[in-house]
Chemist: 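Structure incoming, see below.
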Amino acid sequence: SCIPERIELCSNRFLAAPSVPPHFNSSNSLLSLETLSLDGYFSFENNQYAAKDFGNRYHFLPSAVLHPKSVYDISSTIKHIFQIGSGSEFTVAARGHGHSLQGQAQAHRGLVINMESLQEQEIKVYSGELPYADVSGGQLWINVLHETLRYGLTPKSWTDYLYLTVGGTLSYAGISGQAFKHGPQINNVYQLEVVTGKGEVITCSGDQNADLFYAVLGGLGQFGIITRARISLEPAPKMVKWIRVLYSDFSSFSQDQEHLIASRNSFDYIEGFVIINRTGLLNNWRSSFDPKDPIRASQFSSDGRTLYCLEMAMYFNPRDEDIMNQKTERVLSELNFIPSTLFLSEVSYLEFLNRVHISERKLRAKGLWEVPHPWLNLLIPKSKIHNFAQEVFGNILNYSSNGPILIYPVNKSKWNNKTSLVTPDEDIIYLVAFLSSAAPSSTGKDGLENILTQNKRILEYCATAHLGAKQYLPHYSTQEEWRAHFGSKWQVFQKRKSAYDPLAILAPGQRIFQKGN
Ligand code: FAD
């Protein structure tokens with residue numbers, strides 16, 4: 001069987017769990033699990049879905065899946081496993097929407113907790129001066145959005161895609177084009193309810209059990225299972241002006257991005273992406289965006305150059321449309337994009353936030369959603385972003401990319417550094433996301449092996465050039481690498497692990513700590 005260091009080698013097939021259900025009686029000595037009296041239930045068969053994720057490269061079958069109906073189900077199950085002690089290798093992975101990339105929500109021969117079955121718990125919205133929503137950790141962000149909009153309210157900080165769970169994104173950070181202004185999602189939470197690795201149910205916040213609160217935020221599922229979160233809200237706009245412009249020069253592009261995030265009075269959302277060797281792109285945009293100058297836009301040709309697209313959004317309500325248009329024009333006049341490439345669109349706030357779902361539907365229809373996704377996400381300090389762009393976009397990827405490459409800066413001063421999230425040590429950092437899809441069974445440029453080799457070259461470059469980069473949604477094989485990732489935060493991380501999950505029961509798919517060690 002696979003030992004953790006060799007998981008990569010065994011990654012493309014399912015690893016069978018012991019075939020002992022329903023009374024599984026393996027070396028894991030969990031004979032009595034089914035004797036627990038729960039509101040929900042365990043399933044011991046047909047659990048293959050729990051051995052899959054969006055990355056579609058790692059497949060570890062659990063021995064059982066818990067479908068909790070209450071927090072009590074989770075706490076009594078974990079308490080039970082904790083009491084069995086370190087003699088057993090049995091581990092527990094909370095599974096949100098299973099949109100991990102390298103098996104992080106899987107538990108080989110262990111127990112997966114299907115957090116979405118907690119979703120049935122109501123989303124409670126509180127208006128008032130500091131509005132908030134109380135939501136289950138297994139709730140999808142799309143549902144949180146729908147419910148809060150009914151009250152004219154909305155969470156402030158998002159991910160680009162909303163079919164992810166609250167507990168899943170809070171275990172990383174939750175970064176999108178609003179993070180420059182509001183910080184990531186982990187900075188927009190007032191309170192959590194957490195079940196620790198000992199089975200205790202603890203309510204925590206910045207004032208109450210603060211150590212656990214900050215440990216869990218960005219904590220890669222290592223310290224507890226988030227069963228409830230209190231999310232900060234603001235009044236929701238009705239509409240969004242959505243704008244794309246192009247640059248052929250990285251310096252002007254990044255300078256403008258940095259200019260925009262420095263000013264509070266600019267856009268509500270700022271992202272950007274790299275376009276490598278794509279022709280006909282502007283024609284594709286015409287279905288959803290209008291060129292400001294249709295004639296000149298139709299004459300624009302990329303000539304095979306690498307282009308940089310700055311993407312911005314301004315929120316507004318219809319009665320304020322004129323003011324919004326004036327503001328937009330003023331801010332755009334401060335930028336140095338290629339004038340013929342100004343594209344504009346107006347969509348509802350819901351449509352804007354849920355934009356990736358449209359791509360998902362198209363890709364699903366073509367059978368291209370459930371392919372391997374060897375994604376690489378990096379945080380690069382501003383001082384090194386030019387070196388990075390030159391080497392990566394100009395050399396390593398100068399021919400093509402296999403999916404979107406996002407790149408945008410955020411102000412770290414808006415981020416709370418007490419959380420477990422690790423970032424480069426500078427005030428402005430760039431998120432660079434290589435969101436590759438591999439063509440199934442291709443051995444060419446669009447094949448998995450080639451993309452993994454490219455990712456490796458990018459990581460090697462970051463290391464040898466001492467960029468001070470950090471992986472976002474990090475993935476490593478050895479504890480040495482994890483130590484290096486956490487740097488000065490490692491000791492605290494380790495100390496919190498011994499305090500809240502001393503037997504290393506939780507989130508084994510992150511491969512940071514091993515149970516029984
Ligand atoms: P899962 O994959 O189910 O779990 C992730 C990890 O968290 C696992 O280790 C799991 O054990 C743990 N976990 C799950 N639920 C809980 C819980 N309740 N308590 C404690 N631990 C838990 N990220 C961004 O920041 N910004 C983006 O814009 C963005 N866009 C994305 C778009 C797509 C299409 C995809 C697939 C991913 C994207 N991500 C983005 C990454 C995403 O935030 C993570 O993959 C996240 O983990 C997905 O949530 P999930 O509910 O599927 O979590």
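In each ligand, atom 1 is the first atom listed, and ligand 1 is the first ligand listed.
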Chemist: For atom 11 (O) of ligand 1, find the nearest protein heavy atom and state the residue, atom name and distance (0.1 Å precision).
Modeler: A94 O, 2.7 Å

Chemist: Aromatic contact between Y163 and H357, with the criterion being ring centroids under 6.0 Å apart: yes or no?
Modeler: yes

Chemist: What is the ring orientation for Y472 with Y172, classed by angle as parallel under 30°, tilted 30 to 60°, or perpendicular over 60°?
Modeler: perpendicular

Chemist: Evaluate the criterion side chain to side chain contact (heavy atoms under 4.5 Å, CB included) for residue pair R230 and L192; output intermediate values, then yes/no.
Modeler: CA-CA 6 Å; R230 180 164 289 180; L192 297 173; over 6 Å; no

Chemist: Taking distance alone, with N or O pairs closer than 3.5 Å, would you say H99 contacts ligand 1?
Modeler: yes

Chemist: In the protein, which heavy atom is nearest to atom 37 (C) of ligand 1, and how far is it?
Modeler: W375 CZ3, 3.8 Å

Chemist: Tell me whether ligand 1 is touched by A433 - counting only heavy atoms on the residue side and a distance under 4.0 Å.
Modeler: no

Chemist: Report yes if the side chains of L378 and C462 come closer than 4.5 Å at any heavy-atom pair, otherwise no.
Modeler: yes

Chemist: Any non-hydrogen atom of T169 lying under 4.0 Å from ligand 1?
Modeler: yes

Chemist: Heavy atom to atom 23 (N) of ligand 1, shortest distance: which of V216, T159, I74 holds it?
Modeler: T159

Chemist: Between F352 and R355, is there a cation-pi geometry (under 6.0 Å to ring centre, at most 45° from the normal)?
Modeler: yes

Chemist: Give the residue and atom name of whichever protein heavy atom lies nearest to atom 3 (O) of ligand 1, and the separation in Å to one decimal.
Modeler: G96 N, 2.6 Å

Chemist: Give yes or no for whether the N/O distance cutoff of 3.5 Å, strictly under, is met between L164 and ligand 1.
Modeler: no

Chemist: Applying a 4.0 Å heavy-atom criterion (strictly less than), which segment of Q510 is in contact with ligand 1: side chain, backbone, both, or neither?
Modeler: side chain

Chemist: For Y315 and Y349, take the angle between the two ring planes, folded into 0 to 90°, and tell me which bin it lands in: parallel under 30, tilted 30 to 60, perpendicular over 60.
Modeler: perpendicular

Chemist: Looking only at distance, does W369 have an N or O less than 3.5 Å from an N or O of ligand 1?
Modeler: no

Chemist: Determine, using heavy atoms of G509 and all atoms of ligand 1, whether some pair is separated by less than 4.0 Å.
Modeler: no

Chemist: Just by distance, do the side chain of K198 and the backbone of A499 share a donor-acceptor pair under 3.5 Å?
Modeler: yes

Chemist: Check the orientation of W490 and F493. Use parallel for under 30°, tilted for 30 to 60°, and perpendicular for over 60°.
Modeler: parallel

Chemist: Among all protein heavy atoms, pick the one closest to atom 53 (O) of ligand 1 and tell me residue, atom and distance.
Modeler: G168 CA, 3.6 Å

Chemist: Purely on distance, is any nitrogen or oxygen of A173 under 3.5 Å from one on ligand 1?
Modeler: no

Chemist: Counting only nitrogen or oxygen atoms and a 3.5 angstrom limit, does S176 reach ligand 1?
Modeler: no

Chemist: N/O of S100 under 3.5 Å from N/O of ligand 1, yes or no?
Modeler: yes

Chemist: Examine distances only and state if a side-chain atom of N209 and a backbone atom of S205 form a donor-acceptor pair shorter than 3.5 Å.
Modeler: no

Chemist: Is the shortest N/O to N/O distance between Y161 and ligand 1 below 3.5 Å?
Modeler: no

Chemist: Please verify the inter-ring angle class for H97 with H99; under 30° counts as parallel, over 60° as perpendicular, anything in between as tilted.
Modeler: parallel

Chemist: Could you check which of W158, W141, Y172, Y163 puts a non-hydrogen atom nearest to atom 44 (C) of ligand 1?
Modeler: Y172

Chemist: Polar-atom distance check: F54 versus ligand 1, any N or O pair below 3.5 Å?
Modeler: no

Chemist: Among V92, I175, L473, which one has a heavy atom closest to atom 27 (C) of ligand 1?
Modeler: I175

Chemist: Which residue holds the protein heavy atom closest to atom 50 (P) of ligand 1, what is that atom called, and what is the gap in Å?
Modeler: H97 N, 3.4 Å

Chemist: Side chains of residues 427-438: which donor-acceptor partners sit under 3.5 Å, not counting sequence neighbours?
Modeler:
from : atom 1 : to   : atom 2 : distance (Å)
Y430 : OH     : E258 : OE2    : 2.6

Chemist: Could you tell me whether Y269 and W158 have their ring centroids closer than 6.0 angstrom?
Modeler: no

Chemist: For atom 22 (C) of ligand 1, which protein heavy atom lies nearest, and how many Å away is it?
Modeler: S171 OG, 3.5 Å

Chemist: Among all protein non-hydrogen atoms, which one is nearest to atom 28 (O) of ligand 1, and what is the separation to 0.1 Å?
Modeler: D160 N, 2.7 Å

Chemist: I need the contact type for F223 against ligand 1. Using non-hydrogen atoms and a strict under-4.0 Å cut-off, is it side chain, backbone, both or neither?
Modeler: neither

Chemist: Test your reading of the model: is there a side-chain donor-acceptor pair from T165 to the backbone of G138, 3.5 Å cut-off?
Modeler: no

Chemist: Before signing off on this row, confirm whether R95 and ligand 1 have an N or O atom pair separated by under 3.5 Å.
Modeler: no

Chemist: Distance to 0.1 Å, residue and atom name: give those for the protein heavy atom nearest to atom 8 (C) of ligand 1.
Modeler: Q104 O, 3.3 Å

Chemist: Is it true that, when you exclude D425 itself, more than 12 heavy atoms of the residues, nucleotides or ligands shown sit nearer than 6.0 Å to its CG?
Modeler: no

Chemist: Return yes if some donor-acceptor pair links the side-chain N/O of S345 with the main-chain N/O of S288 below 3.5 Å, else return no.
Modeler: yes

Chemist: Would you please test L61 and Q48 for side chain to side chain contact (heavy atoms under 4.5 Å, CB included) and show each step?
Modeler: CA-CA 6 Å; L61 202 57; Q48 277 78 1; 4.3 Å; yes

Chemist: Under 4.0 Å from ligand 1, counting heavy atoms only, is it the side chain of M115, its backbone, both or neither?
Modeler: side chain

Chemist: Is there any N or O on I226 that sits under 3.5 Å from an N or O of ligand 1?
Modeler: yes

